[in-house]
Amino acid sequence: MKLLFERSRPGRGSVLLPPCDVPEVTYDAGLLRAEAPRLPEIAEVDLGRHYTELAKQTHGVNDGFYPLGSCTMKYNPRVNEEAAAQPGFTQLHPLQPVETVQGAMEVLATAEKLLCEITGMDGMSFQPAAGAHGEYTGLLLIRKYHQARGDSARTKIIVPDSAHGTNPASATMAGFQVVSVPSNDQGGVDLDALRQAVGPDTAGLMLTNPNTVGLFDPNILEITQIIHDAGGLCYYDGANLNAVMGHVRPGDMGFDCVHLNLHKTFSTPHGGGGPGSGPVGCKAFLEPFLPTPRAKEVNGAYAWQTPEQTMGQVRSFYGNFLVVVKALTYILTLGKQGIPEASAGAVLNANYLMKQLADEGYEMSYPGLCMHEFVMTLQGLAHETGATAMDIAKGLLDFGIHPPTMYFPLIVHEALMVEPTETESPETLDQAAQVFKTLLQAAKDDPDSLHTAPHRCPVGRPDEVTAARHPVLRYEFEA
């Protein structure tokens, strides 16, 4: 399709401004551009058609099944958007006096209380703008804690080999060395390897539970105890909380701090760059190190407070506030009964789809029941037919299904990670299973057809290496 610059024609436009009713202001010539910016000139009808065409070429949760593993692409209820669109929230300024923003501060305080109850934590900051930002903030908590105790020898963070890629990156950014520990044959942490890895230089552990292969580690209490016995702290990556919320709490598993993905578990739209929110919760002994400011109720009114040994600010002002509004709306809508029902539904749907695909001939990476997601290995299929996980994923696009996460985690070869979420109906899952069956048969009968898939999408198979190394990021005007 054409870009806006290619649709542009001199003199066209879609804005009619009323006569100026205030005095005109002029600026010193040194502050002005030498030339006017080269902006597209587009008629309103062409502008509308351009964005409508763009919308038709994208795929979101509202378009169809979106089983992107570890991303929890659940349906986002419209009531969340209604709440966040209230003028009392959207027309606030972050520098308003506290007495004029009491409602917004109550939102932050209420969301903190409820999320602490769900996670088993004592305090929380909403400043982190995304999941990886939350990881970084949680690791700064751990670093501040050890520094406050004068324990400068603790320089290493232990990370399982099945972790999200942001875990080792965040640990490195926070100034730690990363120690990787392998998984055992059951997909959990190898306890013997963990015991060998800990020592007086252990600052902490980063762990996702359920983990990246969709399994709840049965040794979780022993894992956190090993770290605590070594003098380290335990950090919980909350990316997969949607599988367990309302049933078990990270704080009860032995974790000292946690980040949450409000844009996953708590139903805020995400993808395409945000906005997200990665609040960080912690046990009481870490609260003095949380970012500033925090909304606290004092004598019947809300005020901003600065923790005693705060790490400072990790983002401007108070985080992505409207995302918190949406998450709070979601929590209050579901309530105490609905939260565990949602996570139970996510687990049920994942196992329902996994069983169907296993029966059709897809090989699962680990046996037994899964939690919110499961990982298939197509290594055998690739050796047998030449059709890879990439081919199956691309083939799904022709059926209006967004591909699962591909080639992750790295410990599973030719991996496809599938997360249906709780908001998909049995009919949708049955239809998806049938599509997977069709593609499996195509891999055996006509693998060449999959090598060139998708065939019915606006874009086929781009040169991903060239796109990554030499991206075209700007429009080149003709001379």
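Along the sequence shown, the residues carry numbers beginning at 1.
- Taking the six-membered ring for Trp and thresholds of 30 and 60 degrees, Phe5 and Phe477 have ring planes more than 60 degrees apart, a perpendicular arrangement.
- Among all heavy-atom pairs drawn from Ala415 and Val375, the shortest one is CB-CG1, 3.9 Å.
- Remark: Asp46 CG to Ser14 OG distance equals 9.5 Å, nearest 0.5 Å.
- Residues Val179 and Val198 form no side-chain contact, since every pair of their non-hydrogen atoms from C-beta on lies 4.5 Å or further apart.
- Using a 4.0 Å cut-off between charged side-chain N and carboxylate O, Glu41 and Arg9 make no salt bridge.
- Annotation: side chain of Leu450 is in contact with side chain of Ile392 (closest heavy-atom distance under 4.5 Å).
- A donor-acceptor contact shorter than 3.5 Å links the side chain of Asn349 to the backbone of Thr421.
- Within a 6.0 Å radius of CD in Gln431, no more than 12 heavy atoms belonging to other residues, nucleotides or ligands are found.
- Dense packing is recorded around CD of Glu6, with more than 12 heavy atoms of other residues, nucleotides or ligands lying under 6.0 Å away.
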If you apply the rule side chain to side chain donor-acceptor pair (under 3.5 Å), what do you find for Ser180 with Asp161, and how did you get there? CA-CA 6 Å; Ser180 179; Asp161 62 359; 5.6 Å; no
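- The backbone N or O of Thr72 lies less than 3.5 Å from no partner atom in the side chain of His372, so there is not a single donor-acceptor pair.
- For the residue pair Gln225 and Asp229, a side-chain donor N or O sits within less than 3.5 Å of a side-chain acceptor on the partner.
- At least one donor-acceptor pair closer than 3.5 Å links the side chain of Asn320 to the backbone N or O of Gly276.
- Going from atom CD1 of Ile157 over to atom CG of Leu139 covers 5.5 Å, rounded to the nearest 0.5 Å.
- Under the 4.5 Å side-chain criterion, counting only non-hydrogen atoms from C-beta, Met206 is not in contact with Val178.
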Any chance you could lay out the side chain to side chain donor-acceptor pair (under 3.5 Å) test for His259 and Tyr136, step after step, and finish with the verdict? CA-CA 9 Å; His259 96 262; Tyr136 176 69; over 6 Å; no
Please assess Tyr407 against Glu414 for the test side-chain contact (heavy atoms from CB on, under 4.5 Å), listing each intermediate value before the final yes or no. CA-CA 6 Å; Tyr407 298 121; Glu414 290 294 331; 3.1 Å; yes
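- Residue Met1 qualifies as enclosed at atom CE: its count of foreign heavy atoms under 6.0 Å is above 12.
- Counted within 6.0 Å of CD on Gln313, heavy atoms from surrounding residues, nucleotides or ligands total more than 12; the atom is thus considered enclosed.
- Side-chain contact between Asp391 and Arg461 is present, with at least one heavy-atom pair separated by less than 4.5 Å.
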Start with the C-alpha distance between Gln434 and Asp430, add both sets of side-chain angles, then the distance that settles side chain to side chain donor-acceptor pair (under 3.5 Å), and finish with yes or no. CA-CA 6 Å; Gln434 182 59 47; Asp430 290 342; over 6 Å; no
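- Residue Asp359 places its CG atom among more than 12 non-hydrogen atoms of other residues, nucleotides or ligands, all under 6.0 Å distant.
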Applying side chain to side chain donor-acceptor pair (under 3.5 Å), run through Gln127 and Tyr318 and close with a yes or a no. CA-CA 5 Å; Gln127 274 200 350; Tyr318 321 109; over 6 Å; no
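- Remark: of the listed residues Asn242, Thr423, Asn80, Asn80 is the sole one forming a side chain to side chain donor-acceptor pair (under 3.5 Å) with Ser267.
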Kindly indicate, with the supporting measurements, whether the criterion side-chain contact (heavy atoms from CB on, under 4.5 Å) is fulfilled by Leu396 and Val435. CA-CA 7 Å; Leu396 289 168; Val435 170; 3.7 Å; yes
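- Shortest non-hydrogen contact noted between Gly251 and Lys283 is O-NZ, 3.5 Å.
- For the atom pair CD1 (Ile118) and CG (Leu241), the distance works out to 7.5 Å, reported to the nearest 0.5 Å.
- Listed for the Ser277 side chain is no donor-acceptor partner under 3.5 Å among the backbone atoms of Val324.
- Heavy atoms only, all atoms of each residue included: Thr137 and Pro128 are closest at OG1-CG, 3.5 Å.
- Side-chain contact check for Leu233 versus Cys257: every heavy-atom pair is 4.5 Å or farther apart.
- With contacts defined as side-chain heavy-atom distances shorter than 4.5 Å, the pair Leu115/Phe126 qualifies.
- In terms of modelled atom types and a separation under 3.5 Å, the side chain of Glu81 and the main chain of Pro77 share no donor-acceptor contact.
- For the pair Cys116/Asp122, no side-chain contact is recorded, criterion being any heavy-atom separation below 4.5 Å from C-beta on.
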Applying side-chain contact (heavy atoms from CB on, under 4.5 Å) to Gln356 and Phe436, what does each step give before you reach the verdict? CA-CA 10 Å; Gln356 290 199 60; Phe436 271 100; over 6 Å; no
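- Arg195 and Glu222 are joined by a salt bridge, as a carboxylate oxygen and a charged side-chain nitrogen come within less than 4.0 angstrom of each other.
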If you apply the rule side-chain contact (heavy atoms from CB on, under 4.5 Å), what do you find for Gln186 with Leu215, and how did you get there? CA-CA 9 Å; Gln186 292 75 46; Leu215 301 176; 5.9 Å; no
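- In this structure, the side chain of Arg249 engages the main chain of Glu117 through a donor-acceptor pair within 3.5 Å.
- Looking only at distances, no side-chain donor or acceptor of Asn219 sits under 3.5 Å from a matching main-chain atom of Ile223.
- Contact check for Thr119 versus Tyr236: no side-chain heavy atoms found under the 4.5 Å cut-off.
- Annotation: the span from Arg469 atom CZ to Asp463 atom CG amounts to 10.0 Å, rounded to 0.5 Å.
- No donor-acceptor pair closer than 3.5 Å links the side chain of His263 to the backbone N or O of Thr268.
- Sparse packing is recorded around CD of Glu44, with 12 or fewer heavy atoms of other residues, nucleotides or ligands lying under 6.0 Å away.
- Using the six-membered ring where Trp is involved, Phe408 and His164 have ring planes that are parallel, under 30° apart on the 30 and 60° scheme.
- To the nearest 0.5 Å, atoms CG (Leu378) and CG (Leu440) are separated by 8.0 Å.
- A donor-acceptor distance shorter than 3.5 angstrom exists from the side chain of Lys264 to the backbone of Ser70, with no hydrogens or angles considered.
- The shortest heavy-atom contact between Asp398 and Ala453 is OD2-CB, 4.1 Å.
- Checked by atom type and distance alone, the side chain of His402 never pairs as donor or acceptor with a backbone atom of Asp63 at under 3.5 Å.
- In terms of heavy-atom proximity, Ser343 sits nearest to Pro340 at OG-O, 3.0 Å.
- Annotation for Pro420 and Glu424: closest pair O-CG, 3.1 Å, computed over non-hydrogen atoms.
- Annotation: the span from Met364 atom CE to Thr377 atom OG1 amounts to 10.0 Å, rounded to 0.5 Å.
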